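Okay, structure first, notes after.
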Amino acid sequence: MDRYDPLKIEQKWQKIWAETEAFKAGPIDEKLPNGDPKPKKYLAEMFPYPSGAGLHVGHVRNFTIVDVLARFYTQQEMNVLRPFGYDTFGLPAENYAIKTGISPQSATATNIANFRKQAQKLGYAIDWSREINTSDPEYYKWTQWCFLQLYKAGLAYQKESYQWWCPVDQTVLANEQVENGHCWRCGSEVEKKKMKQWFFKITAYADELLDGIDALDWPDKIKTMQKNWIGRSEGAEVDFQIADKDENITVFTTRPDTLFGATFLVLAPEHPMVSELATPATAEKVKQYCQDALKKSEIERQENKEKTGVFTGSYAINPASGEKIPIWVADYVLIGYGTGAVMGVPFGDERDFEFAEKFDLPVIQVIEAPDNSPESSRFYHGEGTLVNSAQFNGTRTEDAREQIVAWLEERGLGRPKVTYKMRDWLISRQRYWGCPIPIAYDKDGNAHPIPEDQLPVMHPEIEDYKPDDSGRSPLAKAEDWLKVTLKDENGNDIECIRETDTLDGYACSSWYLWRYVSPHDDQAAWDPEAIKYWAPTDIYVGGDHAVAHLLYVRFWCKFFADQGYLPFREPIKKLLYNGYINAPDGKKMSKSKGNVIDPLEVIESGYGADTLRTYEMFIGPYDQDAAWNTEAIGGVYRFLNRCWTIVFNPEKNAADLSADDLAARKTLRHKTIKKVTEDIHRCSFNTAVAALMEFVNNIFAAPLDEDKIALAKLLKPFAPHLASEMLEKLGSDDVWPTWDESALAADTVEVVVQVNGKLRAKLSVSPDLLSDADQLQALALADANVQKFTAGREIRKVIIPKAAKLINIVV
RNA sequence: GGGCGAGUGGCGGAAUUGGUAGACGCGCUAGACUCAAAAUCUGGUUCUCGCAAGGGAGUGAGGGUUCGAUUCCCUCCCCGCCCACCA
């Protein structure tokens, strides 16, 4: 007798799917049989970086979620776009090249081939005709085009500033790539370095990026993280005149109501006015302090919250009180936020209070807390009424904020101001393996865009990938490639040198979801008709990049919508943020710990791809982390084996069911169809699989043909090879089954009887009785066990809720 | 320090709108098949008292609302993640 042989079945169907191009998305004008346009679903995972290690179980979870949904919607006769691609630029390939001498181009090609082969072994319903690769000139030509659009609109610009610099990878990093003062890639401590760099002006969209978050069908966790990252705060700028000088220092504050309590000013060490404010007596000390602060790593600045600072020797005038107040320099003030200068209000701000205590600066109480407030009187940052604030005394702090700003504004000393924690996106990288920036410089150093008809700026092949601390990328070594002749507006030649920095990889991934709609288009980044039909992406699945990538895609979407290239302003309708799969010991899988589970080994050990896929869906809720359980996967295999037996083992086919059994079976079948359908809709994949297991346990001894067909159809998104084999044997199509509400009602229903909320009996009654409260109550009270608890007591209340088959007797 | 999420049997987890706590799976266990084992099949499996029928306890701890709370509210404990001198 045959046995369930997953590897044989899977090979057979993978071959059929490849030969028939089974998962090619339909045309954008595809019609239903009745002539209506076919509804579409566009699903995608966050495309992988194809590492040399191949797919890991985390990829499998991520891709399988997309695959279950893609197959589910396909079986529901929708036009499904389920593409796949590779995010190939980046440091690992380059570091590998430095170590081995194998070029990133060649390593990438090898890794892609391996990833493709592995994804095919998992039976994914991918439209392979749409494969993309960000380091392919056909693709990065259009990344460069996107850059030029941003450049033309003034949203790509150069600025000299202090930047995070990773001394090991020898490149600058974006804020988002610095984690706790360490490089996100190599983990080494980062430094600040002053350099001229390219930026995208993401802050131009700060408000829209923030305001759009609430309406997104995304996990709250991600939404909160994005909000915090943008970090909008409303306040005011206030100008403090420098004493005896005709110059101002402008500060940002969210608490203008406490202005009268400002007893000093503090500037960040990097503030441009610091050296000018130092007096001959303090100059040496100030200079020393600023140099030390710059040298200090961000770690040290963060870890050591003990306030430090130095007096500049200069004074400013508090515009409200007219008092002369000292100007200090301290590293607790950050140059990148607000104006890089703050007013010190020790009474109203804990940090300013610590600073004032340490350096013996005066504290003026400016807020009186409400009587019942337990706050200490030494400082208080809550709401209250103003004191020691001249004409504003007695005003509530909430009102005073507006009034004081208005008062300042009338006198030209201040204005309302909104600031953001989010900075512009630093995009230049001094590395080889990235998309070349399509810019060249003339002999005077002026930047010129490369004309669109000369794209792509090809990535030059070089021998030596090593970066150095020159601040220039290895591209500078490609001498022939460097030189380019451009034309000025009069048609005269300009000799130029190309930009040698490359683009942050996040730029490449900021638009790939749109490339998928027309991946081989050589006329445009994306086809306007195709984008109108397919985009925005309906469901996007990933477990990483909560802020960076997912914020950048939204930014580019809004930008290209403004340019008229996209007919929508949010790129992703629904986001599924899947959890990690950890090692059996609950720790993160890592090569060094030797606890990595290799999905290909799981498949080839005999379990097959269907078991692996189904197990990863069954392992727990998709959005929670889960630990791999080497034994539990056997349970899923046994389940699929039973599915196989039901269809292929004829001995189990003899059904000899009574009329009652047949009716109960019909109810069960329709219930299961409903449960699985609804569970997939709400992405509760683990309970959908559980419902199928329950169904199989119930029908196993005597399956009907209808049961087998329903089972195979419902199973197909999870275990597509086995289900296809079953459907072929059964001679059935794979159209998703529907349930009949009327078939869900069983002949008898169970009603639970509680006395004082405790379960005392279960009654089996006809469904008609559910609406007959009196008779139900009579039946319940007649039950022997119920009477044990009601005997001799007065029945005070009987509750029969509509929503539940339950009766609660209160005595 | 701030924000978010979570805490349910030996384990992973289920309970969708306040209505039978523990679905499904692992593990364990008894039986069938077998010379035997594996595989497979059929039962049992929260703890506890009881031969059983049945009783008592029970969703991190304590309190509250309710006829009824894993679910809602308050206080606290522990774990995980994210942000963190952002004025």
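Only a predicted model underlies this, so the values are computations on that prediction, with no experimental measurement involved. All heavy atoms count here, side chains included; hydrogens, waters and symmetry mates do not. In what follows, every chain begins at residue 1, and chains take the letters A, B, ... in the order their sequences are listed.
- Between the side chains of A:N649 and A:Y4, no donor-acceptor pair is found at a separation under 3.5 Å.
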Interface polar pairs with nucleotides 42-50 of chain B, N/O, under 3.5 angstrom:
residue	atom	partner	partner atom	Å
B:U42	OP2	A:R642	NH1	3.4

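- Taking the salt bridge (charged side-chain N to carboxylate O under 4.0 Å, His left out) definition, one finds that A:R682 meets it with A:D679, sequence neighbours left out.
- With sequence neighbours excluded, no residue satisfies ring pair (Phe, Tyr, Trp, His ring centres under 6.0 Å) with A:F639.
- The residue from A:V602, A:L612, A:I581, A:N582 that alone fulfils the side-chain contact (heavy atoms from CB on, under 4.5 Å) condition with A:I597 is A:V602.
- The base of B:C85 lies close enough to the side chain of A:K307 for a donor and an acceptor atom to sit less than 3.5 Å apart.
- Put simply, CZ on A:R796 is 10 Å from P on B:G68, counting in whole angstrom units.
- Look at CG on A:D783: it is 15 Å from P on B:A53, rounded to the nearest Å.
- When only modelled atom types and interatomic distance are considered, A:Y615 and A:N629 share no side-chain donor-acceptor pair under 3.5 Å.
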Might you list the N or O atoms of the protein lying below 3.5 Å from N or O atoms in nucleotides 7-14 of chain B, with each pair's distance?
residue	atom	partner	partner atom	Å
B:G12	O2'	A:I619	O	3.3
B:A14	OP1	A:N686	ND2	3.2

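- Relative to the side chain of A:A690, the nucleotides B:U16, B:C24, B:C85 differ in distance, and B:C24 lies closest.
- Of the possible polar contacts, one joining the A:Q787 side chain to the A:L781 backbone as a donor-acceptor pair under 3.5 Å is found.
- As rounded to whole Å, 11 Å separates atom C1' of B:A87 from atom CZ of A:R255.
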Please tabulate the protein-to-nucleotide N/O contacts below 3.5 Å involving nucleotides 56-60 of chain B, giving atom names and distances.
residue	atom	partner	partner atom	Å
B:G56	OP1	A:R760	NH2	3.4
B:G56	OP2	A:R760	NH1	3.1
B:A57	OP2	A:K758	NZ	3.2

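- A donor-acceptor pair shorter than 3.5 Å can be found between the side chains of A:N697 and A:R642.
- Residue-level contact check: A:T419 touches neither bases nor backbone, having no heavy atom under 4.0 Å from any strand.
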With 3.5 Å as the limit, what N/O pairs link the protein to nucleotides 18-20 of chain B?
residue	atom	partner	partner atom	Å
B:U20	O2	A:K762	NZ	3.2
B:U20	N3	A:E750	OE1	3.3

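- A:T258 OG1 to A:D349 CG: the interatomic distance, rounded to the nearest 0.5 Å, is 8.0 Å.
- A:T645 has no side-chain polar atom (N or O) that falls below the 4.0 Å cut-off from OP1 or OP2 of B:U40.
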